[in-house]
> 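Before we start, here is the structure in question, set down as structure tokens.
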Amino acid sequence: MISQFYRRYSVTILWLVGLSFPWLWYQAEQMPANNDIETWLPRETPVRLLYEEFKQDFGAEEVLVIGIPQELVTSKLVEAFASRMERLEGIRHCWTPDRMTARMQEFGVDEKDARERLDGLLTSKSGELIGIVAQLTDWGIKNRAQVVEDTKETLTYCQLPLESVALTGAPVIVTELDRLGSQKTSRQFFLLTIGISLGLLYYSFGHWGLSLAVLGTALWGIFLNQTIMCFMGGEMNFIMGSLSVMVMIFTLSISVHVVSYYDSAHKEGHPEPLTAAIVESFNPCMLSTLTTLMGLISLNVSTILPVSQFGYAAACGAVVALIVGLGITPALLTVMPHCMVRSVRYRINFRWWGSQVAAHRGLALGGAAVLLGITFLGILKLEPSINPTEFLPRNSKILSDLHRIQSDLTNVDSIEAVVDLGGEKLAFMDQLQKIRTIEAKIAAHPGVRHTLSLATFFPEEMPDSTMAAARILGHAKSYSGEEGFVAARQRLWRISARIRHDSGLNPVEVLNQLTEQLADEPLHFTGLTPLLKNAQQEIFDGFWESFTAACLTISIVMILSLRSVVAGIVAMIPNIIPIWLVFGSVGFLGMPVDIGMMMTGSIALGISVDCTFHFLVKYQAAYRNGASSKEAVLQSLEHSGEPMLDSTLISALGMLALCFSSFAPTARFGCLMASQMLASLLGELVILPAMLCCRPGLRRQTAPEAANEPVTASKLESVPQIHPFPAELPAPSRRARAVAR
């Protein structure tokens, strides 16, 4: 039935794949990129809700910080550049040292005092850089890449060389992350993945035609999955950059098993080898895809949007891979029925390997237990981390510009203190003095480099003249709302604190200490730094929650499919141990767990279970047919060892290609996934066979037990009936009847 279907429709199926390939490719390229820092932060948490309230009260502020060498400009050129920047659609306002000094002078601050207040904000004490801060409009926030490009064009127009100017800020960093995480940038290492996969397919199949065809259908599945994501409103981000490789290894893993089983059935002389291959592959591939889905969907427990998006997108990719592997690969085998030539392949004697594992099973399991104990200490050392600047390449000009701005001008990282004076009915000057007192406490912290509030623009002492004081207050009321320092009718006051990076304290530690020191003041802290602190904890909690959810759901699937609680638990142990070993090593090496790394445990667990299903299906069949546990292990390794090894190597080396990416999250994700895939060979080829070899054989009845057992109707039915005569005698002939008469 199956073979007949493919003999009739294989050519049609392959024509449809080929004709739709260019269209799917084009649609997949249309997926937009979005690496906005706020999307990496937890959703629907109290800290995030507090930040959203802050943006509603004071506005969503994103700024460009531009550092221009002092020797390249004059005050007139700086003002001309700032005026030209304000003409851009994406720029709301520009602050220069002269403009901020003039604003302070309007409020009665002495010029010398005003210049001193700008040190560490818009002017550097070394005098090497002049700082310009450009605030973005709402349109500019939505079109950051265009604003950054327009800024560079304005610098060029003003004859300011880009290589000498330092340009940084959230818009610049997000734009660069969008570029690094885009499909265009990912294409380089993806081509390397394609080359590695093609070489491994040829090594497995020994036939270039089939290898290229299987790889082509895998690419078709990748573009199909991306097209589906694009139509569903998905966005490309730095995590999604590895989705193509994920779908490829899913597809190739299934295709390798189908081709291997087809080859075995063909060599055994099966009348319908294609039917035999599909039937033998169907159950383990379906179950392994189901467990992969469980592992990927478990990522949805995370409150970080890109993580949950990747879980759904990769789950869709796993379904597409199943369709391609079990649906299109048989069509290729139908049009190329005699292409399984393995003359170039070095064959491994898996039966001998199984015998060695069985003979030394105690040593293997004992060594695994010791490794688990050691790596447990490493797991206790795991720490989360999220820092967008760490995602940039080390030789990036954007990163060097950021360091240059931070060393000579100001820091990009800030903590926003929102002081609520609603419960205190104070005059404006009393409010100003209250804010100044709180600001002084914040500025006194060794981890704070500079503070800025509405009080910064006022003199330390107000003039004695009533008219002068009234004039200053009139200016304050007209500017306070515009500049975003006061909100809710002067009930909420904002103090921005720039973090110092040379104090030995990270922003999270500074935030914790400030929160403790100012616990008695009517304020709360918000901004990206508290959100990043909350995100770090969410990463760590999400890692354990998603991995635990994946373990539980996959274990249930294992138990139900194997119809045994013990067998399900035994099957999970060899898949969990390699992941445990890899993350323990990560802890010993002191590598922090970032967003991409936190997903690898659940994903690797779902993938590695694939080979376990193929092994156990053959093992149970042999064991139930009367083979000893050791013999069943040997038969399973002899039957499934090669496709298990091939699919795992393709998965590991395909992921290893991601390590060549200049984008740190992609490289870390690929390195950790490849390590876990290679470590899974330890579980599949050593730990699982060793555990099963410890299983006793099927219990057989002895003669005395059989003699004493009561005879039941069911037993009688099962006993073969032996008749001395045929059940029906032949009819007597005519001559016999005549003799009888």
> Residues in ring-ring contact (aromatic ring centres under 6.0 Å, His included) with Phe282, at least two apart?
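Checked Phe282 against ring-ring contact (aromatic ring centres under 6.0 Å, His included); zero matches.
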> With the side chain counted from C-beta on, respond yes when Ile13 and Tyr6 share a heavy-atom pair under 4.5 Å apart, and no when they do not.
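The answer is yes, as the side chains (C-beta and beyond) meet within the 4.5 Å cut-off.
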> Working to the nearest 0.5 angstrom, can you tell me the gap between Glu684 CD and Leu637 CG?
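One finds 10.5 Å between CD of Glu684 and CG of Leu637.
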> Which value, rounded to the nearest 0.5 Å, describes the distance between Arg361 atom CZ and Cys694 atom SG?
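Arg361 CZ to Cys694 SG: 5.0 Å, rounded to 0.5 Å.
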> Could you tell me if the ring centre of His639 sits under 6.0 Å from that of Tyr261?
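Aromatic pair counts; centres sit under 6.0 Å.
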> So, Asn575 versus Thr612: side-chain donor-acceptor pair below 3.5 Å or not?
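Present: a donor and an acceptor within the cut-off.
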> Within a strict 4.5 Å, meaning less than it, do heavy atoms of the Val686 and Trp353 side chains meet?
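They are in side-chain contact.
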> Is there a side-chain contact between Phe588 and Leu377 in this structure, where contact means two heavy atoms from C-beta onward sitting under 4.5 Å apart?
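In short, these two side chains touch, coming nearer than 4.5 Å.
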> State, to 0.1 Å, how close Pro330 and Gly325 come at their nearest heavy-atom pair, and which atoms those are.
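Result for this residue pair: CD-O, 3.8 Å.
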> Would you say Thr648's side chain and Leu645's backbone share a donor-acceptor pair under 3.5 angstrom?
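No; zero donor-acceptor contacts below 3.5 Å.
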> Ile379: what forms a side-chain contact (heavy atoms from CB on, under 4.5 Å) with it, not counting sequence neighbours?
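Leu382, Trp544, Trp580.
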> Can you give me the closest heavy-atom contact between Ala265 and Ala276, atom names plus distance?
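Closest heavy-atom pair between Ala265 and Ala276: CB-CB, 4.0 Å.
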> Would a 4.5 Å heavy-atom cut-off, applied to side chains only, mark Phe583 and Thr600 as touching?
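Contact flag for Phe583/Thr600 side chains = yes.
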> Say you draw a straight line from CG of Asn625 to CD of Gln620; how long is it, rounded to the nearest 0.5 Å?
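If we round to the nearest 0.5 Å, Asn625:CG and Gln620:CD are 11.5 Å apart.
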> Heavy atoms only: give me the nearest Thr217-Val324 pair and the separation to one decimal.
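For Thr217 and Val324, the tightest heavy-atom pair comes out as O-CG1, 3.6 Å.
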> Take Leu688 and Ile573 through the side chain to side chain contact (heavy atoms under 4.5 Å, CB included) test and state the conclusion after the steps.
CA-CA 8 Å; Leu688 180 59; Ile573 292 175; over 6 Å; no
> As an exercise, state the distance from CG of Leu653 to CD1 of Ile196, rounded to the nearest 0.5 Å.
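If I round to the nearest 0.5 Å, the distance is 6.0 Å.
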> Ignoring hydrogens, what is the shortest heavy-atom contact between Ala652 and Ala674? Give both atom names and the distance.
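Nearest heavy atoms, Ala652 then Ala674: O-CB, 3.4 Å.
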> Working to the nearest 0.5 angstrom, can you tell me the gap between Trp25 CH2 and Leu224 CG?
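The CG atom of Leu224 is 15.5 Å from CH2 of Trp25, to the nearest 0.5 Å.
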> Per the side-chain contact (heavy atoms from CB on, under 4.5 Å) rule, which among Leu24, Val247, Val319 passes with Asn225?
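Exactly one candidate clears the test, Val247.
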> Provide the closest heavy-atom pair for Leu634 versus Ser355 in the form atom of the first, atom of the second, distance.
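In this case the closest contact between Leu634 and Ser355 is CD2-N, 3.4 Å.
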> Report the C-alpha separation of Ile569 and Ser555 in whole Å, then their side-chain angles, then the decisive distance to 0.1 Å, and conclude whether the side chain to side chain contact (heavy atoms under 4.5 Å, CB included) test is met.
CA-CA 7 Å; Ile569 295 175; Ser555 297; over 6 Å; no
> Does the side chain of Thr334 come within less than 4.5 Å of Phe5's, by heavy atoms?
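SC-SC contact between Phe5 and Thr334 ruled out.
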> Quick check: does any side chain N or O of Ser260 sit under 3.5 Å from a backbone N or O of His257, one acting as donor and the other as acceptor?
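Not confirmed, Ser260 side chain does not pair with His257 backbone.
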> Report yes if the side chains of Gln309 and Met229 come closer than 4.5 Å at any heavy-atom pair, otherwise no.
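The answer is no; the side chains never approach within 4.5 Å.
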> Between Leu380 and Phe376, is there a side-chain heavy-atom distance shorter than 4.5 Å?
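Yes, at least one pair of side-chain atoms sits under 4.5 Å.
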> A side-chain contact here means heavy atoms from C-beta on lying under 4.5 Å apart; do Ile328 and Trp220 qualify?
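Yes, close enough: below the 4.5 Å cut-off.
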> Check salt bridge (Lys or Arg N to Asp or Glu O under 4.0 Å) between Arg7 and all other residues, then give those that pass, not counting sequence neighbours.
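Partners of Arg7 by the salt bridge (Lys or Arg N to Asp or Glu O under 4.0 Å) criterion, ordered by chain and then number, come out as Glu272.
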> Quick one: do Thr251 and Leu322 satisfy side chain to side chain contact (heavy atoms under 4.5 Å, CB included)? Show the steps, please.
CA-CA 7 Å; Thr251 307; Leu322 180 68; over 6 Å; no
> For Ser585, enumerate each residue passing the side-chain contact (heavy atoms from CB on, under 4.5 Å) test, keeping only those at least two apart in sequence or located in another chain.
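So Ser585 forms no side-chain contact (heavy atoms from CB on, under 4.5 Å) with any residue.
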> In terms of relative ring orientation, are Tyr619 and Tyr623 parallel, tilted or perpendicular, with 30° and 60° separating the classes?
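Correct class here is parallel.
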> Taking atom CG of Leu649 and atom OG of Ser197, what is their separation to the nearest 0.5 Å?
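Nearest 0.5 Å value for the CG-OG distance: 11.5 Å.
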> Could you walk me through whether Met655 and Met246 pass the side chain to side chain contact (heavy atoms under 4.5 Å, CB included) check?
CA-CA 8 Å; Met655 285 293 181; Met246 292 282 295; 2.9 Å; yes
> Does any N or O in the side chain of Asp263 come within less than 3.5 Å of the main-chain N or O of Val259, such that one atom is a donor and the other an acceptor?
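Not at all, since once roles are kept as given, no pair shorter than 3.5 Å links the two residues.
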> Look at the side chain of His207 and the backbone N and O of Leu210, then say whether any donor-acceptor pair between them is shorter than 3.5 Å.
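Side chain of His207 to backbone of Leu210: a pair is present.
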> What are the two closest non-hydrogen atoms of Ile254 and Ala321, and how far apart are they?
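Closest heavy-atom pair between Ile254 and Ala321: CD1-O, 3.8 Å.
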> Checking Trp352 now: which residues fulfil ring-ring contact (aromatic ring centres under 6.0 Å, His included) with it, not counting sequence neighbours?
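Not a single residue meets the ring-ring contact (aromatic ring centres under 6.0 Å, His included) criterion with Trp352.
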> Tell me if a side-chain donor or acceptor on His360 pairs with a main-chain N or O of Gln356 at a distance below 3.5 Å.
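Yes, because the side chain of His360 sits within donor-acceptor range (under 3.5 Å) of the backbone of Gln356.
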> Can you tell me how the ring of Phe310 sits relative to the ring of Phe669, calling it parallel under 30°, perpendicular over 60° and tilted otherwise?
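The rings of Phe310 and Phe669 stand perpendicular, inter-plane angle above 60°.
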> Using 4.0 Å as the upper bound for N to carboxylate O, is an ion pair formed by Glu631 and Arg351?
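Answer for the salt bridge query: yes.
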> Could you pull out all residues at least two apart from Ile576 that satisfy side-chain contact (heavy atoms from CB on, under 4.5 Å)?
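By the side-chain contact (heavy atoms from CB on, under 4.5 Å) rule, Ile576 matches Phe547, Cys551, Met572, Leu605.
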